Amino acid sequence: MLSYRHLYHAGNHADVLKHLTLCLMLRHLNAKDKPYCLIDTHAGAGVYELRCAEAQKNLEFQSGVERIADCKALMQSVPEYYEVLHKAYQRSPSCYPGSPYFAASLSRESDKLWFFELHPRDEQSLFEQFRQDPRITVQRRDSLAALKAILPPQPRRGLCFIDPAFEEQNEYYEVLKALKSALKRWNTGIFALWYPVLGRLRDYSKNLRSESRRLNVPLLQLELRVSAQGEDLGMCGSGLLIYNYPFGLEKELSSVLQILKPLLCSRDGLTELNVLVPQP
Ligand code: SAM
């Protein structure tokens, strides 16, 4: 499990999709004065230096963040994303911010943030970045188990961002199990679960989708496939399932997907947005 290092993938199309979505969800939370909490269950290292050997190995950022860097339409529809990118560039012009960096940058003084990360090096990096920030708790702990202890959170408004590596098949089952129990403890929380779309023989995302639908909470699903799905090849795209999604988020995401499609997808790629369970 701890063999996964996000540094190899930082800034790729999946990061672009999940971080744009995160920015929009934070926009909704920021729209009210009331404080909220943000729980990042699989936080990673916080910020990634793209010049390092790991990121240079497959140059995944070239088919992700590099392709949207100058996109005016996206700058207009999600300016928050670019604000955070530019803030990170002050540290190093060749770095890419991770989900905790987006969350810490876009939340307010009154909000409370929890970052969980199991890998010792990444957890150390998070700790060093955020130790001066009194809003933030960083823990090296299995977040799926930790959710039982910390939910429902204080404040009760908020978002739980779940971004596992899905390196092993049983992770799908474990994540769903944790999510079901988390939704029982915190039935008003927004939960966003990222998932990969792998080759047909290893693609468990449909199952994730059908099981999620059965939870019977408002559910939005979006997907971006940068190429056609093969049989047993690697990741051709990714998506997010958003439980208790904020009102109006589907419209914003739909326009973001429209902008992303020609920039990130080949001719046989696709984007999809579905309200799987509508709001009451
Ligand atoms: N969310 C990050 C971002 O957007 O920048 C990327 C996270 S990466 C896909 C997944 C991370 O989860 C890895 O750094 C891995 O070490 C960590 N991880 C895996 N299982 C975990 C668990 N049960 N609890 C906490 N962290 C875990």
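Quick caveat: nothing in here was measured; it's all calculated off a predicted structure. Order of listing sets the numbers, starting from 1, for every ligand and every atom in it.
Between E272 and R225, none of the side-chain N atoms (NZ, or NE/NH1/NH2) sits under 4.0 Å from a carboxylate O, so this pair counts as no salt bridge. Ionic pairing of E54 and K57 is not present here: no N-O contact between side-chain nitrogen and carboxylate oxygen is shorter than 4.0 angstrom. For the pair E80 and R27, the salt-bridge criterion is met [side-chain N within less than 4.0 Å of a carboxylate O].
Annotation: Y4 is in aromatic contact with H9 [ring centroid separation under 6.0 Å].
Considering E174, H42, H9 only, the shortest heavy-atom separation from atom 27 (C) of ligand 1 involves H42. Residue Y4 holds the heavy atom nearest to atom 8 (S) of ligand 1 of all those in Y96, Y4, F115. With L7, D163, D142, V175 as candidates, the residue nearest to atom 1 (N) of ligand 1 on a non-hydrogen basis is D163.
Within the 4.0 Å heavy-atom shell around ligand 1 one does not find L144. The closest approach between a heavy atom of H19 and any atom of ligand 1 is below 4.0 Å. Not a single heavy atom of L22 sits less than 4.0 Å from an atom of ligand 1.
Contact atoms of ligand 1 toward D122: 14 (O) (distance under 4.0 Å to a heavy atom of the residue). When each atom of ligand 1 is checked for a heavy atom of G98 under 4.0 Å away, the hits are 5 (O). Ligand 1 places these atoms under 4.0 Å from at least one heavy atom of R141: 24 (N), 25 (C). Short contacts between ligand 1 and T41, defined as distances under 4.0 Å to a heavy atom of the residue, involve ligand atoms 24 (N), 25 (C), 26 (N).
For a threshold of 3.5 Å applied to N or O pairs, the pair formed by D40 and ligand 1 contains no separation below that value. Between E171 and ligand 1, a contact under 3.5 Å exists for no N or O pair. Between D15 and ligand 1, not a single N/O pair is under 3.5 Å apart. Considering backbone and side-chain N/O of L118, one or more are found under 3.5 Å from N/O of ligand 1. In terms of polar-atom proximity, defined here as any N/O pair under 3.5 Å, E117 does make such a contact with ligand 1.
Looking at L159 and I39, their side chains never come closer than 4.5 Å, going by heavy atoms from C-beta outward.
Heavy atoms from other residues, nucleotides or ligands lying under 6.0 Å from CD of Q132 number 12 at most.
Residue L264 is tested with L224, I259, N12 for a side-chain contact (heavy atoms from CB on, under 4.5 Å); the sole match is L224.
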Give the C-alpha distance, both sets of side-chain angles, the deciding distance and a yes or no for side chain to side chain contact (heavy atoms under 4.5 Å, CB included) between T41 and L147. CA-CA 8 Å; T41 57; L147 284 180; 4.1 Å; yes
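Criterion: ILVMFWY side-chain heavy atoms under 4.5 Å apart, direct or through other members. Under it, L215 and L151 are part of a common hydrophobic cluster.
When heavy-atom distances to ligand 1 are checked against a 4.0 Å cut-off, A43 comes that close only through its backbone atoms N, CA, C and O.
Remark: side-chain polar atoms of N30 are paired, donor with acceptor, to backbone N or O of L26 under 3.5 angstrom.
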